[in-house]
Amino acid sequence: MFLYVVGLIVFYYVFRWFRELGRVPDKSEKFVYITGCDTGFGNLLAKHLDTKGFRVIAGCYTEKGEDELKKCCSDRLTTLHLDVTDNSSILKAAETIKILVGEKGLWAVVNNAGISFPTAPNDWLEIEDFKHMINVNLIGVIDITLSVLPLIKRAKGRVVNVASVFGRISTLGGAYCITKYGVEAFNDSLRRNMAPFGVKVLCIEPGFFKTSVTDSAIFESHLQRLWEKLPQEVKDEYGSDFIDKTKVVAKEKIEKILDPDLMKVVSCMEHAVAAVHPRSRYSPGWDAKFFWLPLSYMPSFVSDAFVLKNTVKPKVSVL
C-alpha cells in the first residue's frame, strides 16, 4: 500500500512538471505591466521578460529607475512614472497602457511594488505608520488591478499578486503582515470572481530573500528612529538593552537565512505570466516551503511558542 501511495505522489509531480512546461505563444504581442521596477524583483522581472520577448510596461517610482531600465533593455520595453499610493498617477498610467495595448488588451499585471518598514512592536507605532504601508502594499495593489482589469478581461490574461509567506503567518509588528494577509484575501476573491471571464489570478508568496525589503541596516535605522520617539515609560517597559538585542537578532538570525538568489522568485513570476498552465500559488524559497508554511498550519500554541522563543523579550515580560 505504501508503495502505491509513493507511486501516486511521484506520478502527480511528474505529470505536473510536464503540464507546466508549455509557454504561451506570440509573446511579442503580449503586454505585461509590472509595478515596483526600480529595484529588486520587479527590476529583474522586467529585464527577464524583455529577454523572453514580452512587451514590458515597467512602472517606476524614480527617474533613475526608468533610465536604468531603458539603457539595458530592448525598445520593446516602455517605462512609466508610477506612484501606487496616488490614484491620479495610477489612472494616468492606465490611460497610457490602454493606448499602448489597443484592442488586444493587457496580457498581465504583476503587482510587485511594496515596502516593509517601519516594522516594530505595535505599541511603538502610530496610526500613520500603518496607513502608509497599507496604502502601498494593499490599497495600491487593489487600485492598480482595478485600473487595468477591463484590459486584462479583454485579453483573457493574468493578474499576478506578490504577497509573502507572512500573508500566511504573522510574526512581525506593524502593518506588513496585515497587508500581506489582505493581498491573499483580495487574490482569492478576485481569482474566483474572474474565473468565468477566462482571467487567471496567481499569487507569489516568497520566503526570506536578500532585497531592500529585508535589509537589516534599513531595519535598524527605522527601529532606532522609533525608539528615540518613544515615551520614557515605554522604554522602561522594554528595557534599555532591548533595541541592541533586537539588532543583534536581526543580524545573526535573519541575515543567515536570507537567500541571495532572487531568480527563484523571478522564475515563479515568469511562470505565472508565461505558462499555459500556471499554478494558483507559488512559494519560492526553501524556508517558505518547508518551514513557514508548515508552521502556519500548526496549532496556535505551537506557532506562538516558536515565535516567542526567537524574539527579544521586554524587560517586564511575564513569560
Side-chain angles (χ1 to χ4, degrees), residues 34-46 48 61-62 65 84 110-122 124-125 129-130 132-134 136-138 140-141 160-184 203-227 243-269 282-293 295-296 303 306-307 310-312:
I34 310 167
T35 68
C37 292
D38 297 83
T39 59
F41 299 133
N43 185 272
L44 286 174
L45 179 64
H48 186 60
Y61 186 65
T62 65
V84 299
V110 181
N111 285 303
N112 166 75
I115 59 175
S116 62
F117 303 110
T119 292
N122 288 309
W124 292 24
L125 302 171
D129 296 316
F130 285 82
H132 179 59
M133 197 181 296
I134 289 169
V136 175
N137 291 5
L138 180 55
V141 167
V160 183
N161 294 314
V162 181
S164 166
V165 74
F166 293 114
R168 298 289 201 100
I169 182 168
S170 187
T171 64
L172 309 168
Y176 186 75
C177 294
I178 295 169
T179 61
K180 295 307 180 180
Y181 270 75
V183 170
E184 292 274 358
C203 192
I204 314 292
E205 303 169 332
F208 274 97
F209 284 84
K210 195 174 182 63
T211 68
S212 59
V213 171
T214 56
D215 190 319
S216 62
I218 299 175
F219 169 68
E220 289 176 18
S221 174
H222 279 277
L223 201 68
Q224 187 68 47
R225 176 182 61 82
L226 292 168
W227 176 261
I243 189 168
D244 292 328
K245 288 181 178 178
T246 301
K247 289 177 180 178
V248 170
V249 168
K251 276 188 173 296
E252 292 185 352
K253 292 192 176 182
I254 295 178
E255 286 200 355
K256 282 182 180 178
I257 63 172
L258 292 179
D259 192 331
D261 185 7
L262 304 191
M263 284 306 297
K264 289 177 182 175
V265 178
V266 173
S267 295
C268 290
M269 292 173 163
Y282 298 81
S283 301
W286 294 114
D287 61 321
K289 291 181 177 71
F290 296 108
F291 185 73
W292 296 112
L293 289 178
L295 187 65
S296 73
S303 56
F306 173 81
V307 172
N310 289 277
T311 53
V312 180

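- Within the 4.5 Å cutoff, no side-chain heavy atoms of M269 are placed close to those of H48.
- Summarising the geometry, atom OG1 belonging to T246 is positioned 11.0 Å from atom CD belonging to Q224; distances are rounded to the nearest 0.5 Å.
- K180 contributes atom NZ, which lies 9.0 Å from atom CG of L138 (distance to the nearest 0.5 angstrom).
- With sequence neighbours excluded, the residues satisfying ring-ring contact (aromatic ring centres under 6.0 Å, His included) with H222 are F117.
- Annotation: K289, atom NZ; neighbour count of heavy atoms from other residues, nucleotides and ligands within 6.0 Å is above 12.
- Identified under the side chain to side chain donor-acceptor pair (under 3.5 Å) test for residues 161-171, with sequence neighbours left out: N111-N161, N161-N187, R168-E205, R168-Y297.
- The two atoms that bring A217 and D215 nearest to each other are N-OD1, 2.8 Å, heavy atoms only.
- Scanning for ring-ring contact (aromatic ring centres under 6.0 Å, His included) contacts around Y181 gives an empty result, with sequence neighbours left out.
- In terms of heavy-atom proximity, F209 sits nearest to T214 at O-OG1, 2.6 Å.
- Between K210 and D259, no side-chain nitrogen of the basic residue sits less than 4.0 Å from a carboxylate oxygen of the acidic one, so the salt-bridge criterion is not met.
- With hydrogens and angles left out, the side-chain atoms of T62 and D38 include a donor and acceptor closer than 3.5 Å.
- Inter-residue side-chain proximity for S216 and K247 is flagged as unmet; no heavy-atom pair is nearer than 4.5 Å.
- Residues meeting the side-chain contact (heavy atoms from CB on, under 4.5 Å) test with V136, sequence neighbours left out: V84, T85, I115, H132.
- The two residues C37 and N43 make their nearest non-hydrogen contact at O-ND2, 3.0 Å.
- Nearest approach of S283 to A288, heavy atoms of both residues: O-CB, 4.1 Å.
- A donor-acceptor pair under 3.5 Å links the side-chain atoms of T35 to the main chain of N112, judged by distance alone.
- The distance from atom CG of L262 to atom NZ of K264, rounded to the nearest 0.5 Å, is 10.0 Å.
- A search for side-chain contact (heavy atoms from CB on, under 4.5 Å) contacts involving V249 returns K253, V312, not counting sequence neighbours.
- Residues T39 and S212 come closest through the heavy atom pair OG1-OG, 4.4 Å.
- Here the straight-line distance linking atom CG of N122 with atom CD1 of I178 works out to 6.5 Å at 0.5 Å rounding.
- The aromatic rings of W292 and F306 lie perpendicular to each other, with more than 60° between the two planes, well past the 30° mark.
- A donor-acceptor pair under 3.5 Å links the side-chain atoms of T179 to the main chain of Y176, judged by distance alone.
- The CD1 atom of I134 sits 7.5 Å away from atom CZ of F130, with the distance rounded to the nearest 0.5 Å.
- Two rings, from F208 and F291, have their centers 6.0 Å or more apart.
- Summarising the geometry of S296 relative to I169, their closest heavy-atom pair is CB-CB, 3.9 Å, with the distance given to 0.1 Å.
- For Y61, there are no ring-ring contact (aromatic ring centres under 6.0 Å, His included) partners at least two apart in sequence or on another chain.
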